[in-house]
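Note that these values count all heavy atoms, side chains included, but never hydrogens, waters or copies made by symmetry.
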Amino acid sequence: MNAPLRALGTRARSRPLLAAATAAGCALAATAAVLVPTQTGAARERPDRPPAAVEGPARGVSATKCANPAASLRPTGDLDGPAVQRIKARGKLIAGVDQNSYRWGYRNPATGELSGFDIDLVHAIAKDILGDPGKVMFLAIPTNRRIPAVQSGKVDIIARTMTINCDRIKQVAFSTAYFEAGQQVLVPKGSPVKAFDDSLKGKKVCTAEGSTAEAKVREEPHGSTLLTVPNHLDCLVRLQLGQVDAVVNDNALAAGQAAQDPSVELVGKPFTTEPYGVAMNLKDVDLVRRVNKVLEDYRSGGANSPWMQAYQHWLASGLGGADAPPAPEYRD
């Protein structure tokens, strides 16, 4: 079954790597269009394009004052203001998520339900605000549409492996970090590419458009050519088809892709720090504080905390053991 090829709308041009794809990978890609339709586009090869301009108005914390972008608002004061009341009046939390990232946000082929680490967190937020973890409307949002979805009010929150950084905090508000990853290189086993270094020279590298990985490869191409696609899973498909030689992605996501396809592997060491946060509209201050309250509760309890339970269930087998979630940082 070449389900990943159907997800891209590409005629199969198989090679041995495709034959090795696991059933989990096939099932995941086969369900890639089940959720609400999203805006996507064809992959674009733009090796000579400068780094993309920041989308949207440059509001919030200025770059010159961005010493610690992961510092958020304390869960104190008004936790039930206009944004939270809007969600309560609607009776649903609208959450932008991924549906293609195994172990983070994907449609479970056995149950038909969205599952993963990010999905568990969204359910916890819905339970705190609405008293019911099931009162969620999930929208599948491509990587490069996360910020516009928040700014336009299409979603209340984005919980989609989104790195907190200085550019993004001008455009959206973030919770405290709920996970910390690092970029790494994913290649077919036996590849001459050994790390994010000059072994990439002359190779074609894939990243998701609008991701921090795209920015890093444009900054340090190591002699490679860059291909960008709408979603992270599209890069795995391109790798399987032999259309690219390597994928640069957060290791937390890439570990899930390697679990889908045992013929690929992570090489080298993580070369960035990627703190993930829940993204919200800049004006929804009360919602930011409320989500940070949820995260305080989610982290508490040591080895029995909801965070540790979710980590052990979804991520520990691919990423190794984590002693604890990242500690929250606040700026007020």
Side-chain angles (χ1 to χ4, degrees), residues 4 8 13 15-18 41-55 63 66 69 100-101 142-144 146 161-168 179-276 318-320:
L8 260 174
R13 287 179 288 175
R15 63 182 183 121
L17 180 57
L18 280 174
R44 287 176 282 179
E45 187 174 352
R46 297 168 297 181
D48 57 346
R49 193 197 74 168
V54 175
E55 297 181 25
C66 186
N100 298 322
S101 291
T143 303
N144 64 345
R146 292 176 297 189
T161 59
M162 189 169 179
T163 299
I164 307 166
N165 64 28
C166 291
D167 283 338
R168 288 173 176 169
F179 193 85
E180 191 170 280
Q183 289 173 24
Q184 209 166 343
V185 180
L186 185 74
V187 295
K189 289 181 178 177
S191 169
V193 176
K194 300 304 180 186
F196 188 69
D197 58 20
D198 288 346
S199 64
L200 289 168
K201 186 175 182 179
K203 305 299 183 184
K204 185 172 287 188
V205 174
C206 185
T207 69
E209 184 178 6
S211 66
T212 52
E214 179 192 3
K216 187 64 176 178
V217 175
R218 291 195 184 282
E219 179 185 352
E220 300 179 48
H222 290 290
S224 67
T225 300
L226 178 62
L227 177 75
T228 61
V229 293
N231 285 300
H232 299 289
L233 184 63
D234 298 333
C235 279
L236 177 61
V237 176
R238 298 282 178 171
L239 192 66
Q240 291 172 332
L241 290 170
Q243 295 176 355
V244 297
D245 303 293
V247 174
V248 174
N249 199 354
D250 294 355
N251 58 353
L253 291 168
Q257 293 176 349
Q260 291 174 249
D261 186 346
S263 64
V264 300
E265 63 180 352
L266 286 163
V267 294
K269 295 180 179 181
F271 52 90
T272 65
T273 300
E274 308 289 330
Y276 293 164
L319 291 174

For this session: Test Lys203 against His222 for side chain to side chain contact (heavy atoms under 4.5 Å, CB included), laying out the working first.
Result: CA-CA 9 Å; Lys203 305 299 183 184; His222 290 290; over 6 Å; no
Problem set entry | Test side chain to side chain contact (heavy atoms under 4.5 Å, CB included) applied to Val205 and Leu200, step by step | CA-CA 8 Å; Val205 174; Leu200 289 168; 3.9 Å; yes
Problem set entry | Full working for side chain to side chain contact (heavy atoms under 4.5 Å, CB included) between Phe196 and Lys269 | CA-CA 8 Å; Phe196 188 69; Lys269 295 180 179 181; over 6 Å; no
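Listed here is the closest heavy atom pair of Ser199 and Pro192: CB-O, 3.8 Å. Across all their heavy atoms, Val267 and Val187 have their closest contact at CG1-CG2, 3.7 Å. Between Gln184 and Pro270, the closest heavy-atom pair is OE1-CG, 3.6 Å. Closest of all the heavy-atom pairs between Pro221 and Ser224 is O-OG, 2.6 Å. The two residues Val217 and Thr207 make their nearest non-hydrogen contact at CG2-CG2, 3.9 Å. Across all non-hydrogen atoms, the minimal contact from Ala195 to Gly268 is CB-CA, 3.8 Å.
Between atom CD1 of residue Ile164 and atom OG1 of residue Thr273 there is a gap of 12.0 Å, rounded to the nearest 0.5 Å. Taken from CG in Asp245 to CZ in Arg238, the straight-line distance is 13.5 Å, to the nearest 0.5 Å. For the atom pair Glu265 CD and Ser191 OG, the distance stands at 8.5 Å (nearest 0.5 Å). In this structure, CE in Met162 is found 5.0 Å from CZ in Arg146, a value given to the nearest 0.5 Å. To the nearest 0.5 angstrom, Leu227 atom CG is 7.0 Å from Cys235 atom SG.
Under a 3.5 Å cut-off, the side chain of Thr272 and the backbone N or O of Gln183 do form a donor-acceptor pair. Under a 3.5 Å cut-off, the side chain of Asp261 and the backbone N or O of Ser263 do form a donor-acceptor pair.
Proximity of Val185 to Val193: side-chain heavy atoms (C-beta onward) are separated by under 4.5 Å at one or more points. Using a 4.5 Å cut-off on side-chain heavy atoms (C-beta onward), Cys206 and Val229 make contact. Residues Thr228 and Arg218 meet the side-chain proximity criterion, which asks for heavy atoms closer than 4.5 Å.
Donor-acceptor pairing under 3.5 Å is lacking for the side chains of Thr163 and Asn165. Thr143 and Glu209 share no side-chain donor-acceptor pair at under 3.5 Å. Of the N and O atoms on the side chains of Thr212 and Glu274, at least one donor lies less than 3.5 Å from an acceptor on the other residue.
Within 6.0 Å of the NZ atom in Lys194, the count of heavy atoms belonging to other residues, nucleotides or ligands exceeds 12.
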Below 3.5 Å, can you tabulate the donor-acceptor pairs from side chains in residues 246-256 to any protein atom, sequence neighbours excluded?
{"from": "Asn249", "atom 1": "OD1", "to": "His232", "atom 2": "ND1", "distance (Å)": "3.3"}
{"from": "Asp250", "atom 1": "OD2", "to": "Tyr276", "atom 2": "OH", "distance (Å)": "2.6"}
{"from": "Asn251", "atom 1": "OD1", "to": "Gly182", "atom 2": "N", "distance (Å)": "3.0"}

